[in-house]
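For reference, the structure is listed below as structure tokens.
The structure presented is a predicted model; accordingly, all values stated were derived computationally and were not measured. Labels below follow one simple rule: chain letters A, B, ... track the order of the sequence lines, proteins then strands, and each chain is numbered from 1.
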Amino acid sequence: MIQTVRGVHDILPVETPLWQLLEARALAIFGQYGFAEIRTPLFEKTELFARAVGAATDIVEKEMYTFADRGGDSLSLRPEGTASVVRTFVQQSMHRQLPWKVWYRGPMFRYERPQKGRQRQFHQIGCELFGPAGPLADAELMAMVMRYLTDLGLQASLVLEINSLGCPDCRAPYRDLLIATLRTLVAHLCEDCQNRIERNPLRVLDCKRENCRATLANAPSMLDHLCAGCANHFSSLKTHLNHLGIPYRVNPFMVRGLDYYNRTAFEVTSTGLGAQNAVAAGGRYDGLVAQMGGTSTPAIGFAMGMERLVLLLNRETTLPSSTDVFLATLGERGENAGLLLAEAIRKEGLAVELNLSGGSLKSQMKRADRSKARFALMLGDTEIEKNVVIVKDMTLGQQQEIRWSEAPVFLANLCRVGP
RNA sequence: GCGAACGUAGCUCAGUCGGUAGAGUCCCGGAUUGUGAUUCCGGUUGUCGCGGGUUCGAGCCCCGUCGUUCGCCCCA
């Protein structure tokens, strides 16, 4: 038996309605904020991700699906969505039509060890906003994320965390200060953190080990070393969030893994997802467009993990039946008439499941029951002689004969009124 | 890349001290005519993940391998 490859899963028909719901809500809500959908290729030149995401990141160093095509170019399946959108922005000279607001959905690929909420092919919904440099954009974007998640009924288990990563001007001196501090504490840090001190000192702040956290309790915070511009930006953002009534928590230890972020970083986490607890994450990347060869344009964006949303939603969400009417037939005449009657009812907008597999009336009624249809129709020789069909209300258990010609409208009216 | 647990029917799982594999569920059929869910009766279902080893004999013990899950790392 050939199976799916490790970390890659089918999304089966019982799950797809939930996925469709997530995407439909994104379309509706992001649309309210002026975002339009963009669809970029699933693979790009490897160099794009190396430059945009950062050549020294784990994603680029060891997690990309990279291959040479027949012409010899090095290509990679996209590990995240922002790089491609920025490429499009530069390629299409979108800096002439600011602001540019887009959202995307689709599969991403990373070669990681699978665990709960983490697959090798996973799906993200993300938004990118190009142009505005001020904290107003940051606040509106977060309002949009929270509106989306609240609309799905998830707000109870979620926390919005924000931080400022500073800008190149203030981050470099802070980084030096942090390294100096860490060197004095090196004996109290775990092995991983000791290695991080020179490579990625900010990451040390994000260590989850108790010992490291305690050791770092008094380490210098980026927030205390922001330049005036960054400090104002961050404090305005908090003011906006307060005005909006959006609860948040400042987390000075939150660090972004991707190189391109500056200033605002944010994350929405959930209890109830185990170790992979980030549901949405994003931040500002004012320097990336210029770095990728475009006209310098500030930007901010975020991405959400759909598998993780599905995990959270699955617990409480129950989906309505997709079938209004099940049509049971007996005999060849019944089948032939049923084929036509089903079409006539569908023309009234109802979902009809026509029995296609024969069987006794009893077994067909079982199928009707399983389909969760509100009405079961029965059509055999007796009914055909009289030009009627039996309509049975499956919840009440009552049935009546209805003329063929009147059945579609009759059923449509009942279903429109609701159960 | 590292660590741990687990792989038995479509699904959820039991299987004692090593002695030829079980339950529930699902599915199918029946309980007098052409009527679903409850009830009752009957029925099907397995390379015990795979490959080796130990043994008279392995679902059970040992080694390897693949897969899943959880954690580390990292991230959505």
Any N or O donor-acceptor pair under 3.5 Å from the base of B/rU35 to the side chain of A/Gln399? yes
Near-ring test A/Phe43/A/Phe109, centroid separation under 6.0 angstrom: no
Less than 3.5 Å between a donor and an acceptor, one on the side chain of A/Arg110 and one on the base of B/rC74, is that the case here? no
Considering just the side-chain nitrogens and oxygens of A/Lys362, establish if one lies under 4.0 Å of OP1 or OP2 belonging to B/rG36. yes
More than 12 heavy atoms of other residues, nucleotides or ligands under 6.0 Å from CD of A/Gln291: is that the case? yes
Rounded C1' spacing from B/rU45 to B/rG24 in Å: 14 Å
Provide, to the nearest angstrom, the distance between the CE atom belonging to A/Met378 and the C1' atom belonging to B/rU33. 15 Å
What's A/Gly334 touching, base or sugar-phosphate or nothing? Going by heavy atoms closer than 4.0 Å. nothing
What interatomic distance, in whole Å, is found between P of B/rC48 and the corresponding atom of B/rG43? 24 Å
Could you measure between the two P atoms, the one in B/rC74 and the one in B/rA5, and give it in whole Å? 24 Å
On a whole-Å scale, what distance lies between the C1' atoms belonging to B/rC17 and B/rC13? 23 Å
Among A/Leu18, A/Leu21, A/Leu22, A/Ile125, exactly one meets side-chain contact (heavy atoms from CB on, under 4.5 Å) together with A/Leu309. Which residue is that? A/Leu22
Using whole Å, report how far CG of A/Leu330 lies from C1' of B/rU33. 12 Å
Give a yes/no answer on whether the side chain of A/Arg113 brings an N or O atom under 4.0 Å of OP1 or OP2 in B/rU69. no
I'd like the P distance from B/rG59 over to B/rA21, given in whole Å. 8 Å
To the nearest Å, how far apart are A/Leu361 CG and B/rU32 P? 15 Å
Looking at A/Asp381 and A/Ile384, would you say the former's side chain and the latter's main chain have a donor-acceptor pair under 3.5 Å? no
What is the base-pairing partner of B/rC72, counting Watson-Crick and G-U wobble geometry with both distances under 3.5 Å? B/rG1
Scan A/Glu383 against the nucleic acid and name what it touches under 4.0 Å (heavy atoms): base, sugar-phosphate only, or nothing. base
If you assign A/Val268 and A/Tyr111 each to the RNA chain B nucleotide with the nearest heavy atom, which residue ends up on the more 5' nucleotide? A/Tyr111
Please give, in whole Å, the distance from B/rC74 C1' to A/Arg120 CZ? 13 Å
Please check if any side-chain donor atom of A/Ser76 sits under 3.5 Å from a side-chain acceptor atom of A/Thr66, or the reverse. yes
Counting the atoms with a prime plus P, OP1 and OP2 as sugar-phosphate, which does A/Gly126 contact under 4.0 Å by heavy atoms, base, sugar-phosphate, or nothing? nothing
Sugar-phosphate, base or nothing in reach of A/Ala368, heavy atoms under 4.0 Å: nothing
When rounded to whole Å, the CD to C1' distance for the pair A/Gln115 and B/rG3 reads 12 Å
Residue A/Lys366, side-chain heavy atoms: nucleotide from B/rU35, B/rA37, B/rC70 that is nearest: B/rA37
Whole angstrom value for the distance that separates P of B/rU69 from CZ of A/Arg118: 11 Å
Send over the distance from A/Gln119 CD to B/rU69 P, rounded to a whole Å. 7 Å
Assign A/Ile125 to base, sugar-phosphate, or nothing according to its heavy-atom contacts below 4.0 angstrom with the strands shown. nothing
Nucleotide B/rU35, atom C1' - distance to CG of A/Leu327 in whole Å: 14 Å
Could you let me know what B/rA37 is paired to, Watson-Crick or G-U wobble, both distances under 3.5 Å, or none if it's on its own? none
What distance separates A/Leu350 CG from A/Phe375 CZ, expressed to the nearest 0.5 Å? 9.0 Å
Applying a 4.0 Å non-hydrogen cut-off, can you work out what A/Gly282 is touching in the nucleic acid: base, sugar-phosphate, or nothing? nothing
Does B/rC28 have its OP1 or OP2 closer than 4.0 Å to a side-chain nitrogen or oxygen of A/Arg370? yes
Run the ring-centre check on A/Tyr65 versus A/Tyr111 and record whether the distance is less than 6.0 Å. yes
Nucleotide opposite B/rU65 in a Watson-Crick or G-U pair, distances under 3.5 Å: B/rG49
So what does A/Lys392 hit on the nucleic acid, given a heavy-atom distance under 4.0 Å: a base, only sugar-phosphate, or nothing? base
What integer number of Å spans the P atoms of B/rC27 and B/rC62? 40 Å
If I pick the P atom on B/rU8 and the same atom on B/rA14, what distance separates them, to the nearest angstrom? 10 Å
Suppose you measure atom P in B/rA9 against the same atom in B/rC60; what distance do you get, rounded to whole Å? 15 Å
